[in-house]
Amino acid sequence: MILDLDSVLVMTALVVNVSGVLFILETLLRRDEGAGRIWSIGFLAAMLTTLAYTVWAQTDGAWWAVAVGNAAFVAGTGCMWLGCRRFNGRRMSWSSSLVGAAVIAAFTAVAIQGDAGGDWAGALWMFVPLLAFAGAGAVECLRGALRESRTAWVLGAVLGFQSLYYVSRTTAFVTSGPDSALFQSAFGTLTTSFLTVTLTIVAVVVTSVLRASRAPMRGYVRRIDETVDGEGLLTAEAFARVLEGLSRRGARRGETVAVTVVRVDDLDQISTAFGSEVAGNVAETWRAGVRRHAPTNAVVAEDGPTGIAVALAVASAQEARRQAGAIYRGLFDDLGRVGGGVIPVVGVGVALSDSVGHDPDGLLRVAREAASRAAANVETSVLVGDPE
């Protein structure tokens, strides 16, 4: 059976759009801490890409469709990288600016040539960002919190394969040209469309699993506003402001600042196996337990739907470890008395300004990574993180 270009583009659009819609609908059902929302934008961009290329295939002289498709393609892959960075708790300002600049460049490169540019106008301005962002995303999957998840390795393999494909495609485009037999047979639109379908299916499954580990379904955890009394939790935004001030004062006075993150990663699995009521009881006990067992002068806040962060100044690293251990032991006892004997996997990670520095973002990132490692390691309940 021989497939023509129009049929392949329609098939690609169908798969990408169905996958994208499913992922976006799932995003609406979850309390997401950021990575899933960015990946959703990536799938939206992929959907726009297929629509634009379908218009290009059906309409003569539609150079604007090529411009929109190229820019959206770059945006989609760039958002996959940005989502990985957000998952790992890294800074987003310069990376977001880089993706934005690449999207504008991909669109402008086609717009400048207009009708005279042909089907491959501005191709290199699309190929190079694609291989760069896919490669950066693959590397990000091997760092930070993603490194602790074997599911993320699959996403890293997908992005790595995409990067290598576009390295080869760019090389063939430059050396042989888009009309050569080599390029048409190995790297033409038909081949790329089949690759896109395969990678999209794998990517939507993997990112859904990764997002589920961070964002349980709505209803497990009741959100508490930052204006509640002393028994409540600060929001992540309020905690960021408090931690910044605490770090600044600690640096000025030469005091050690400790950030402890307590993470529960299996609320989804508990809900599936034992019901949402049991998962809700476990979540409320976990939240109340951390507040109860944290030091009186500590700042306690939400850190996404599966994490709670504790920050305070300590006299020494030994004191920070002792307090983190006290939180874990007290929390373990509390959880043992609820949920019909269902005890979730709890990881406690500690970051100290003595090793990380008085950088609030760095302290929180290192504590998160240590908590993820502690949750994955059955032999260790509390880990003190080191900067990479």
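Under a 4.0 Å N-O distance rule, the pair Glu255/Arg249 does not qualify as a salt bridge. Of the charged side-chain nitrogens involved, at least one lies within less than 4.0 Å of a carboxylate oxygen, so that Arg143 and Glu140 count as a salt-bridged pair.
Scanning all heavy atoms of the two residues, the minimum distance from Ala320 to Val314 falls at CB-CG2, 4.2 Å. Closest of all the heavy-atom pairs between Gly137 and Leu159 is C-CD1, 3.6 Å. When all heavy atoms of Phe107 and Ala71 are compared, the pair lying nearest together is CB-CB, 3.9 Å. Taking each heavy atom of Leu124 and Pro129 in turn, the nearest pair found is O-CD, 4.0 Å. Here the closest heavy-atom approach between residue Ala172 and residue Leu182 is recorded as CB-CD2, 4.5 Å. Residues Ser185 and Ala181 approach most closely at OG-O, 2.8 Å, considering heavy atoms.
Listed by chain and residue number, Tyr165 satisfy the ring pair (Phe, Tyr, Trp, His ring centres under 6.0 Å) test with Phe187 (two or more places apart in sequence, or in another chain). Qualifying ring pair (Phe, Tyr, Trp, His ring centres under 6.0 Å) partners for Tyr166, counting only residues two or more places apart in sequence or in other chains: Phe127.
A 4.5 Å side-chain heavy-atom check between Val262 and Trp286 finds at least one atom pair inside the cut-off. Residues Leu199 and Leu195 are in side-chain contact: their nearest non-hydrogen atoms beyond the backbone lie under 4.5 Å apart. Taking the side chain as every heavy atom from C-beta outward, Phe183 and Thr171 never approach each other to under 4.5 Å. Using a 4.5 Å heavy-atom cutoff, the side chains of Glu319 and Thr256 are not in contact.
For the side-chain contact (heavy atoms from CB on, under 4.5 Å) with Val310, the lone residue among Asp303, Val290, Val348 that qualifies is Val290. For the side-chain contact (heavy atoms from CB on, under 4.5 Å) with Val259, the lone residue among Val350, Leu364, Val356, Val366 that qualifies is Leu364. Applying the salt bridge (charged side-chain N to carboxylate O under 4.0 Å, His left out) test between Glu302 and each of Arg291, Arg263, Arg287 identifies Arg287 as the sole match. A side-chain contact (heavy atoms from CB on, under 4.5 Å) with Val299 is found for exactly one of Leu246, Leu312, Leu233, Leu234, namely Leu234.
Val99 and Val139 are not part of a single hydrophobic cluster, where members link through side-chain heavy atoms under 4.5 Å apart. The hydrophobic clustering, which links ILVMFWY residues whose side-chain heavy atoms are closer than 4.5 Å, places Val204 and Val202 together. Val128 and Ile104 are assigned to two separate hydrophobic clusters, defined by single-linkage of ILVMFWY side chains at heavy-atom distances under 4.5 Å. Note on Val197: it does not cluster hydrophobically with Leu164, by side-chain heavy-atom contacts below 4.5 Å among ILVMFWY residues. Val110 and Val55 fall within a single hydrophobic cluster, where Ile, Leu, Val, Met, Phe, Trp and Tyr are joined by side-chain heavy atoms under 4.5 Å apart, directly or via other members.
Counted within 6.0 Å of CZ on Phe173, heavy atoms from surrounding residues, nucleotides or ligands total more than 12; the atom is thus considered enclosed. Heavy-atom contacts from other residues, nucleotides or ligands closer than 6.0 Å to CH2 of Trp64 number 12 or fewer. Within 6.0 Å of the CH2 atom in Trp63, the count of heavy atoms belonging to other residues, nucleotides or ligands exceeds 12.
How far CG of Asp333 is from OH of Tyr328: 10.0 Å, rounded to the nearest 0.5 Å. Rounding to the nearest 0.5 Å gives a distance of 7.0 Å between CE of Met92 and CZ of Arg85. Atom CG of Leu98 is separated from atom CG of Leu82 by 8.5 Å, given to the nearest 0.5 angstrom. Distance check: Leu48 CG to Tyr53 OH gives 10.0 Å after rounding to the nearest 0.5 Å. A distance of 11.5 Å separates CG of Leu363 from CZ of Arg368, quoted to the nearest 0.5 Å.
Put simply, the side chain of Ser355 never gets that close to the backbone of Ala351: no donor and acceptor are under 3.5 Å apart. In terms of modelled atom types and a separation under 3.5 Å, the side chain of Thr49 and the main chain of Phe73 share a donor-acceptor contact. Between the side chain of Thr50 and the backbone N or O of Met47 there is at least one donor-acceptor pair closer than 3.5 Å.
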**OP:** Give the C-alpha distance, both sets of side-chain angles, the deciding distance and a yes or no for side-chain contact (heavy atoms from CB on, under 4.5 Å) between His358 and Val257.
**Re:** CA-CA 7 Å; His358 289 86; Val257 175; 4.0 Å; yes
**OP:** Any chance you could lay out the side-chain contact (heavy atoms from CB on, under 4.5 Å) test for Ser163 and Phe133, step after step, and finish with the verdict?
**Re:** CA-CA 8 Å; Ser163 180; Phe133 293 151; over 6 Å; no
Subject >> Derivation of the side chain to side chain donor-acceptor pair (under 3.5 Å) call for Gln323 and Thr260 >> reply: CA-CA 9 Å; Gln323 292 175 348; Thr260 301; over 6 Å; no
**OP:** Could you give me the CA-CA distance, side-chain angles and deciding distance for Val158 and Val206, then say whether side-chain contact (heavy atoms from CB on, under 4.5 Å) is met?
**Re:** CA-CA 10 Å; Val158 168; Val206 173; 5.7 Å; no
**OP:** Any chance you could lay out the side-chain contact (heavy atoms from CB on, under 4.5 Å) test for Gln318 and Arg322, step after step, and finish with the verdict?
**Re:** CA-CA 6 Å; Gln318 290 74 18; Arg322 180 184 60 79; over 6 Å; no
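Side-chain contact check for Trp56 and Asp119: at least one donor-acceptor pair (N or O, by modelled atom type) lies under 3.5 Å. Side-chain atoms of Thr192 and Arg169 include a donor-acceptor pair closer than 3.5 Å. Side-chain atoms of Asp334 and Thr285 include no donor-acceptor pair closer than 3.5 Å.
Residue pairs that meet the side-chain hydrogen bond (donor to acceptor under 3.5 Å, both in side chains) test with at least one member in residues 128-138, sequence neighbours left out, do not exist here.
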